[in-house]
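Input: a single structure, listed below in structure tokens.
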Amino acid sequence: MDRYYLENPKMVTPDKETEDQKLIAEIGNEHERGMLKEFKASGTKVVEISKDEFQLLRKHALPNKSKAPIIYQAALSDDRSLALQTS
């Protein structure tokens, strides 16, 4: 549903997020923050992409140019949409 909504925002109205969905999302976000901390501690080059850089990514495709082994919060894109994975 999330992908369909991103690709066809005028076709559907997403349901309100439930408390369970919020909890699952927060646990996922905590996991993501922990993984990022581990990546940084390992000394591996990490390129971070914040949600604020969303539009910048659309114009410049920064991740592809960095050649970094780890791109945290990578954006997925096609001709119709650009989606940021998690917060």
Side-chain angles (χ1 to χ4, degrees):
M1 178 66 166
D2 292 339
R3 180 178 171 187
Y4 186 81
Y5 175 69
L6 286 172
E7 293 173 353
N8 305 284
K10 295 179 181 176
M11 299 294 290
V12 296
T13 302
D15 294 334
K16 185 175 178 181
E17 189 175 36
T18 67
E19 291 302 315
D20 287 343
Q21 289 170 321
K22 290 177 187 177
L23 177 61
I24 291 168
E26 181 53 35
I27 291 169
N29 290 336
E30 287 176 19
H31 170 76
E32 292 284 328
R33 287 188 291 271
M35 291 302 302
L36 178 59
K37 188 175 180 179
E38 286 183 35
F39 290 145
K40 288 180 174 181
S42 74
T44 302
K45 180 181 177 186
V46 176
V47 173
E48 285 185 76
I49 302 168
S50 72
K51 286 185 177 182
D52 296 336
E53 295 170 310
F54 190 79
Q55 292 302 321
L56 183 64
L57 288 171
R58 181 184 291 266
K59 292 179 183 177
H60 300 288
L62 294 175
N64 294 335
K65 295 178 182 178
S66 73
K67 306 229 187 260
I70 298 173
I71 301 173
Y72 181 76
Q73 300 297 13
L76 303 176
S77 159
D78 64 20
D79 290 339
R80 295 169 291 183
S81 65
L82 180 68
L84 201 60
Q85 289 182 349
T86 60
S87 59

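Index from 1, following the sequence.
- In this structure, the separation between CD on Glu17 and CD1 on Ile24 is 9.5 Å, given to the nearest 0.5 Å.
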Steps toward side-chain contact (heavy atoms from CB on, under 4.5 Å) verdict (Val12, Tyr5): CA-CA 6 Å; Val12 296; Tyr5 175 69; 3.8 Å; yes
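- A salt bridge between Glu48 and Arg33 is absent, with no side-chain N of the basic residue lying under 4.0 Å from a carboxylate O of the acidic one.
- Distance check, rounded to the nearest 0.5 Å: CG of Asn8 to NZ of Lys10 gives 11.0 Å.
- The distance from the NZ atom of Lys16 to the CD atom of Gln21 is 11.5 Å, given to the nearest 0.5 Å.
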